[in-house]
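The basis for the numbers below is simple: all heavy atoms, side chains too, and nothing from hydrogens, waters or symmetry mates.
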Amino acid sequence: MKRGNHTVNEFILLGFTADPLLQLVLFGVFLCVYSVTILGNTTLIILICNDSRLHTPMYFFIGNLSFLDLWYSSVYTPKILVTCISKDKSISFAGCVAQFFFSAGLAYTECYLLAAMAYDHFVAISNSLLYAQVMSRKLCISLVIYSYTGGFVNAIILTINTLTLDFCGDHVIDDFFCDVPPLVKLACNVKESYQAVLFFLLASNVITPTVLILASYLFIIAAILRIHSTQGRLKAFSTCSSHLISVTLYYGSILYIYSRPSSSYSLERDKLVSNFYTVVFPMLNPMIYSLRNKDVKEALKKLFRLTLSEV
């Protein structure tokens, strides 16, 4: 990567603060969040794999979402923890490329996966009698494969276009990881063609899945309104509530960061928002999909009983 007439071999990650005491506090906070993320998502995956009651398409997607969140969080948090306690704030060019690529690929993949989950809810509510036939194992696996393929193909496009920009001035990234806003701020000039690439990727990876999710929920609402009993309506709505919360939190933060022109980037504000969907959100997902779910609670109780009996 070129910076003026020089090759950039590394970047400096400023993180959140230069105060040593506050850095230790942040280290403790991030360590706790990461530990809960690992524990929550791993437990949910184990429950889904071990309990036959959870061997359904809906939990298949939830398990894949937990795996994705484990990977997603691990792209950022270990480096954040090292940056908090180390005087060396640098990240190599290769490390920046890898972090940028995997963060984009996993973020886009999650967008597609949430759209696939919306379709799954639509089939479960509108066509419950044929649910198992429509949402076959082959279709579920195909949707997950398509999600990863679409996510990482588009990540390649974004990575190549971003990391071949001409960088000038300092090579200090005012953020805790390599992302679009701070890297664009380091660029000497951002051509309209690059801005067009950003909007294309936003449309194909965020807006298109959002439209699919909205369409699914319009059909879901229509199906719920056709249910005569109040109890039946509440049960149908509770099936979708966790997914709705997850979609709102994730897509809200993603759209806030990447739907604005590069000239309006505010790094201090964007750091807080990006920290939410990269570090905090993967911790929240297991809670969102388990605390309101009787099947998961029962599976967890069963796991505890088996563990205690073995002890």
Q: Using the test salt bridge (charged side-chain N to carboxylate O under 4.0 Å, His left out), find all partners of Arg53 that sit at least two apart in sequence or belong to another chain.
A: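 Scan of Arg53 (salt bridge (charged side-chain N to carboxylate O under 4.0 Å, His left out), adjacent residues dropped) gives Asp51.
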Min side-chain heavy-atom separation [X]-[Y] under 4.5 Å:
{"X": "Leu65", "Y": "Leu44", "result": "no"}
{"X": "Leu114", "Y": "Met117", "result": "yes"}
{"X": "Pro209", "Y": "Tyr251", "result": "yes"}
{"X": "Phe177", "Y": "Pro182", "result": "no"}
{"X": "Tyr131", "Y": "Pro57", "result": "yes"}
{"X": "Ile213", "Y": "Thr210", "result": "no"}
{"X": "Leu47", "Y": "Tyr59", "result": "no"}
{"X": "Asn285", "Y": "Tyr250", "result": "no"}

Are the side chain of [X] and the backbone of [Y] linked by a donor-acceptor contact shorter than 3.5 Å?
{"X": "Ser103", "Y": "Phe100", "value": "yes"}
{"X": "Asn64", "Y": "Phe60", "value": "yes"}
{"X": "Asn127", "Y": "Val123", "value": "no"}
{"X": "Tyr289", "Y": "Gly63", "value": "no"}

Partners meeting side chain to side chain contact (heavy atoms under 4.5 Å, CB included) with [X] (sequence neighbours left out):
{"X": "Ser73", "result": "Tyr34, Thr37, Thr77, Pro282"}
{"X": "Lys79", "result": "Leu13, Thr83, Ile91, Gln99"}
{"X": "Ser35", "result": "Leu31"}

Q: Evaluate side chain to side chain contact (heavy atoms under 4.5 Å, CB included) for Val180 paired with Leu158, printing each intermediate quantity in order.
A: CA-CA 9 Å; Val180 171; Leu158 179 63; 4.1 Å; yes
Within this structure, what is the [atom1]-[atom2] distance for the pair [X] and [Y], rounded to the nearest 0.5 Å?
{"X": "Thr164", "Y": "Tyr194", "atom1": "OG1", "atom2": "OH", "answer": "9.0 Å"}
{"X": "Phe67", "Y": "Asp69", "atom1": "CZ", "atom2": "CG", "answer": "11.0 Å"}
{"X": "Leu183", "Y": "Cys96", "atom1": "CG", "atom2": "SG", "answer": "5.0 Å"}
{"X": "Phe30", "Y": "Leu81", "atom1": "CZ", "atom2": "CG", "answer": "8.0 Å"}
{"X": "Asn154", "Y": "Tyr108", "atom1": "CG", "atom2": "OH", "answer": "6.5 Å"}
{"X": "Ile125", "Y": "Arg226", "atom1": "CD1", "atom2": "CZ", "answer": "11.0 Å"}

Q.
Let's go through Thr208 and Tyr112 carefully: what are the C-alpha distance in whole Å and the side-chain angles of both, what is the deciding distance for side chain to side chain contact (heavy atoms under 4.5 Å, CB included) to 0.1 Å, and is it a yes or a no?
A. CA-CA 9 Å; Thr208 298; Tyr112 289 122; 6.0 Å; no
Quick one: do [X] and [Y] end up in the same hydrophobic cluster if we chain Ile, Leu, Val, Met, Phe, Trp and Tyr together by side-chain heavy atoms under 4.5 Å apart?
{"X": "Ile156", "Y": "Val75", "answer": "yes"}
{"X": "Val36", "Y": "Ile80", "answer": "yes"}
{"X": "Ile85", "Y": "Leu14", "answer": "no"}
{"X": "Ile224", "Y": "Leu130", "answer": "yes"}
{"X": "Trp71", "Y": "Val280", "answer": "yes"}

[X] versus [Y], closest heavy-atom pair with distance:
{"X": "Cys84", "Y": "Leu26", "answer": "SG-CB, 4.2 Å"}
{"X": "Ser74", "Y": "Ile38", "answer": "OG-CD1, 4.4 Å"}
{"X": "Cys111", "Y": "Asn205", "answer": "CB-O, 3.1 Å"}

Just list the side-chain donor-acceptor pairs under 3.5 Å for residues 214-222, sequence neighbours left out, or say none.
unit_1 : atom_1 : unit_2 : atom_2 : d
Ser216 : OG     : Leu212 : O      : 2.9
Tyr217 : OH     : His243 : ND1    : 2.7

Q: Among Tyr72, Tyr76, Phe152, find the one that has a side chain to side chain contact (heavy atoms under 4.5 Å, CB included) with Phe102.
A: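 By the side chain to side chain contact (heavy atoms under 4.5 Å, CB included) criterion, Phe102 pairs with just one of Tyr72, Tyr76, Phe152: Phe152.
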Donor-acceptor contacts under 3.5 Å from residues 133-148 side chains, at least two apart:
unit_1 : atom_1 : unit_2 : atom_2 : d
Ser136 : OG     : Leu139 : N      : 3.3
Ser142 : OG     : Lys138 : O      : 2.8
Ser147 : OG     : Leu143 : O      : 2.8

Q: With side chain to side chain contact (heavy atoms under 4.5 Å, CB included) as the test, would you mind laying out the steps for Ile288 and Leu249 before giving the verdict?
A: CA-CA 11 Å; Ile288 293 171; Leu249 293 175; 4.1 Å; yes
Q: With side chain to side chain contact (heavy atoms under 4.5 Å, CB included) as the test, would you mind laying out the steps for Leu70 and Ile45 before giving the verdict?
A: CA-CA 10 Å; Leu70 278 174; Ile45 292 172; 3.8 Å; yes
Q. Considering residues, nucleotides and ligands other than Phe27, do more than 12 of their heavy atoms fall under 6.0 Å from its CZ?
A.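 Yes, enclosed.
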